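Down below is the structure, laid out as structure tokens.
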Amino acid sequence: MNALKWSDHPLGEPAGWPAELKTAVRTCLTSKFATMVHWGSDHHTFYNDVYAARLGRKHPGHLGQPAYDWWSEMWDQLEPFFQKVLAGESYYTENARYTPDRDGASKDAYFTHSHSPIWDDTGTVRGIFLTVVETTGQLKAEARSELLMGELKHRMKNTLAVVQSIVNQSVRRAVSKDDLAAIMHTQIAALGRAHDLLTQSNHADAPLSALIRGALDLEGYKERITVDGPEVTINSSATVALTLILHELNTNAMKYGALASERGQIRICWDVSDDILELIWQEDGGPLVTPPSRPGYGTRLILALADELGEVPQIDYLPGGFKFALRAHLAKLRVNEGQHNLTEKRSGTDSRTS
């Protein structure tokens with residue numbers, strides 16, 4: 001606090017502060033939890049180093065300033081319980097959602113916090129003492145775990161539908177019993193390899209083209225799927241999300257889309273521009289496409305996974321074929337400088353999955 005010029009501050013020099021404020025600030029500064037003190041009618045704010053670490057650009061410029069000034073973007077969320085505490089009530093809430101602007105934009109964040117009134121000797125509430133624990137990371141991890149568990153159940157159920165599709169396609173293509181057995185064997189083995197991608201230990205980065213080919217390498221379909229784009233290396237976390245997305249798109253194509261007919265085609269292409277990777281999945285030649293009456297689990301899964309990579313994807317149920325467009329931020333893919341070069345030869349241009 002020595003960096004502030006207290007002689008010009010409305011509260012004056014710390015030596016002249018009320019005993020209650022001095023005690024509250026000392027307690028705040030020595031606490032191992034993130035703590036804060038609001039004092040006076042303007043809620044001048046003090047906080048400890050633990051709290052400072054989560055304030056982003058607001059620290060240290062707002063130290064000692066009114067709370068409604070530096071939390072202006074969410075003051076409407078804070079003021080109601082501030083008034084309760086100033087009336088003498090304590091306030092506690094768990095995993096409450098707020099929208100703080102800590103780094104240039106208001107973003108959802110979650111906090112468990114407790115607010116207590118600070119009284120003077122006359123019984124008047126002069127300030128507020130609060131303790132806060134941010135739970136944003138914990139809640140995101142729990143939500144992702146729940147999503148993945150739901151995806152596992154969904155994928156196991158979907159596997160039966162995919163196997164049924166493989167059997168139907170194999171029967172139509174086979175010319176003999178031996179041929180049928182061979183086709184089904186290679187198809188189901190390839191399906192197993194696709195599932196292996198979802199359970200491999202994610203310790204290494206991977207080329208995007210190899211990921212796509214690995215996720216979609218089902219015998220009998222490789223002549224109907226084209227892959228086109230510059231080589232891009234993505235991190236292991238993004239690999240898992242993209243594999244799940246591709247698996248879901250592939251499953252839907254086999255059940256309802258281009259791969260459910262004999263002449264259907266899928267083209268997967270991507271490009272990189274201005275730190276954005278744009279990937280497009282375009283189906284053609286399948287059954288007539290009609291939008292679903294409401295989004296199913298698979299669509300919700302794709303949207304949730306795509307949100308981890310960048311922007312909300314574009315999903316179009318065009319009459320001629322389903323289209324999916326994903327815009328992923330390279331910062332989230334953690335692509336190092338030099339790992340992509342748009343002037344290099346397109347290693348995947350007009351190639352077939354094999």
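These numbers come from the heavy atoms of this one structure, side chains and all, not from hydrogens, waters or symmetry mates. Being a predicted model, the structure only gives us computed values, none of them experimental.
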| said: Quick check against the 3.5 Å criterion: does His329 have a side-chain atom that pairs as donor or acceptor with the backbone of Ala331? | reply: no
| remark: Rounding to 0.5 Å, atoms CD (Glu262) and CZ (Arg224) come to a distance of 6.5 Å
| Test side chain to side chain contact (heavy atoms under 4.5 Å, CB included) applied to His59 and Arg54, step by step | CA-CA 9 Å; His59 175 74; Arg54 66 195 61 192; over 6 Å; no
| request: Given side chain to side chain contact (heavy atoms under 4.5 Å, CB included), test Leu318 with Val289 step by step and report yes or no. | output: CA-CA 6 Å; Leu318 305 175; Val289 176; over 6 Å; no
| message | Under a 3.5 Å distance rule, please check whether Ser31 uses its side chain to pair with a backbone N or O of Thr27 as donor and acceptor. | response | no
| message | Using a 3.5 Å distance criterion without hydrogens, assess whether the side chain of Asp120 forms a donor-acceptor pair with backbone atoms of Gly123. | response | yes
| query | Would a distance-only check, ignoring hydrogens and angles, find a side-chain to backbone donor-acceptor pair under 3.5 Å from Thr135 to Gln138? | reply | no
| request: Report the C-alpha separation of Lys140 and Glu146 in whole Å, then their side-chain angles, then the decisive distance to 0.1 Å, and conclude whether the salt bridge (charged side-chain N to carboxylate O under 4.0 Å, His left out) test is met. | output: CA-CA 10 Å; Lys140 283 186 175 181; Glu146 182 178 350; over 6 Å; no
| query | Given the rule that I, L, V, M, F, W and Y join up when any side-chain heavy atoms are under 4.5 Å apart, are Phe111 and Leu139 in one cluster? | reply | no
| said: Atom CZ of residue position Arg57 - does it have more than 12 heavy atoms of other residues, nucleotides or ligands inside 6.0 Å? | reply: yes
| query | What closest approach, in Å, do Ala325 and Ile280 show between heavy atoms, and which atom pair accounts for it? | reply | CB-CG1, 4.2 Å
| field | Minimum heavy-atom distance Val37-Ala24, with the two atoms named | value | CG2-O, 3.7 Å
| message | In the structure I gave you, are the side-chain heavy atoms of Arg97 and Asp108 within less than 4.5 Å of one another anywhere? | response | yes
| query | Which distance, rounded to the nearest 0.5 Å, do you find between the NZ of Lys84 and the CD1 of Ile128? | reply | 13.0 Å
| message | Does Asp121, at its CG atom, have more than 12 non-hydrogen atoms belonging to other residues, nucleotides or ligands within less than 6.0 Å? | response | no
| said: Are Ile245 and Phe324 packed together at the side-chain level, in the sense that at least one heavy-atom pair is separated by less than 4.5 angstrom? | reply: yes
| Taking atom CG of Asp49 as the centre, does the number of heavy atoms from other residues, nucleotides or ligands within less than 6.0 Å exceed 12? | no
| field | Ala15 backbone acceptor or donor facing Lys22 side chain under 3.5 Å | value | yes
| Can you list the steps and then say if Gln314 with Asp316 is a side chain to side chain donor-acceptor pair (under 3.5 Å)? | CA-CA 7 Å; Gln314 180 180 346; Asp316 294 315; 2.6 Å; yes
| said: Tell me if a side-chain donor or acceptor on Thr136 pairs with a main-chain N or O of Ala109 at a distance below 3.5 Å. | reply: no
| Donor + acceptor pair across side chains of Ser273, Glu278 (<3.5 Å) | no
| said: Using the rule given for salt bridge (charged side-chain N to carboxylate O under 4.0 Å, His left out), can you reason through Glu311 versus Arg327, listing the C-alpha separation, both sets of side-chain angles and the distance that settles it, and then say yes or no? | reply: CA-CA 6 Å; Glu311 304 173 12; Arg327 286 171 56 85; 3.0 Å; yes
| task | Using the side chain to side chain contact (heavy atoms under 4.5 Å, CB included) rule, take Ile276 and Leu330 through it: C-alpha gap first, then chi angles, then the decisive distance, then the call. | result | CA-CA 6 Å; Ile276 294 291; Leu330 292 188; over 6 Å; no
| query | CD1 of Ile268 to CZ of Arg213: how many Å apart, nearest 0.5 Å? | reply | 9.5 Å
| request: Grab the two heavy atoms, one from Leu63 and one from Phe46, that are nearest each other, plus how far apart they are. | output: CD1-CA, 4.1 Å
| request: Measure from the ring center of His113 to the ring center of Tyr92 and say whether it is less than 6.0 Å. | output: no
| task | Return the minimal non-hydrogen interatomic distance between Ser116 and Val85, and the atom names on each side. | result | C-CG1, 3.7 Å
| field | Any side-chain heavy-atom pair of Leu303 and Ile315 under 4.5 Å | value | yes
| Do Gln65 and Thr45 pass the side chain to side chain donor-acceptor pair (under 3.5 Å) test, and can you show the C-alpha distance, the side-chain angles, and the key distance before you say yes or no? | CA-CA 6 Å; Gln65 302 305 307; Thr45 303; over 6 Å; no
| Just by distance, do the side chain of Ser261 and the backbone of Gly285 share a donor-acceptor pair under 3.5 Å? | yes
| Would Tyr47 end up clustered with Leu78 when hydrophobic side chains under 4.5 Å apart are linked, directly or stepwise? | yes
| task | Dump the intermediate steps for salt bridge (charged side-chain N to carboxylate O under 4.0 Å, His left out) on Asp228 and Arg267, then the final yes or no. | result | CA-CA 8 Å; Asp228 179 10; Arg267 178 176 173 81; 2.8 Å; yes
| request: Report the residues that fulfil side chain to side chain contact (heavy atoms under 4.5 Å, CB included) with Asp307, sequence neighbours left out, ordered by chain and then residue number. | output: none
| Closest non-hydrogen atom pair between Asp101 and Ser106, with its separation | CB-OG, 3.8 Å
| said: Are Phe82 and Trp75, when compared by the centres of their aromatic rings, separated by less than 6.0 Å? | reply: yes
| Heavy-atom side-chain contact between Ile234 and Leu211 under 4.5 Å | yes
| task | Would you mind telling me which of Ile212, Leu208, Ile266 makes a side chain to side chain contact (heavy atoms under 4.5 Å, CB included) with Val227? | result | Ile212
| message | If I take atom CG from residue Leu11 and atom NE2 from residue His44, how far apart are they, to the nearest 0.5 angstrom? | response | 5.0 Å
| query | Judged by modelled atom types alone, do Asp42 and Tyr68 share a side-chain donor-acceptor pair under 3.5 Å? | reply | yes
| query | Just how far is it from atom CG of Asn250 to atom CG of Leu259, taken to the nearest 0.5 Å? | reply | 6.0 Å
| said: side chain to side chain contact (heavy atoms under 4.5 Å, CB included) for Leu326 and Leu309? Distances and angles first, verdict last. | reply: CA-CA 9 Å; Leu326 172 69; Leu309 303 175; 4.2 Å; yes
| said: Regarding Asn48 and Thr35, do their side chains bring together a donor and an acceptor under 3.5 Å, going by distance alone? | reply: yes
| query | Between His38 and Phe129, is the ring centre distance below 6.0 Å? | reply | no
| request: Would you name the heavy atoms of Phe322 and Gln282 that are closest together and state the gap between them? | output: O-NE2, 3.5 Å
| Any side-chain heavy-atom pair of Tyr317 and Thr290 under 4.5 Å | no
| query | When you look at OH of Tyr256, are more than 12 heavy atoms from neighbouring residues, nucleotides or ligands closer to it than 6.0 Å? | reply | no
| Centroid separation Trp6 to Trp17 less than 6.0 Å | yes
| request: Rounded to the nearest 0.5 Å, what's the gap from CH2 on Trp71 to OG1 on Thr99? Could you check? | output: 10.0 Å
| said: Are Phe33 and Val50 packed together at the side-chain level, in the sense that at least one heavy-atom pair is separated by less than 4.5 angstrom? | reply: no
| Given the rule in the salt bridge (charged side-chain N to carboxylate O under 4.0 Å, His left out) test, do Glu73 and Lys58 qualify, once you have shown the distances and angles that lead to the verdict? | CA-CA 12 Å; Glu73 73 275 13; Lys58 292 181 180 294; 3.5 Å; yes
| Can you tell if the side chain of His43 reaches within under 4.5 Å of the side chain of Leu86, non-hydrogen atoms only? | yes
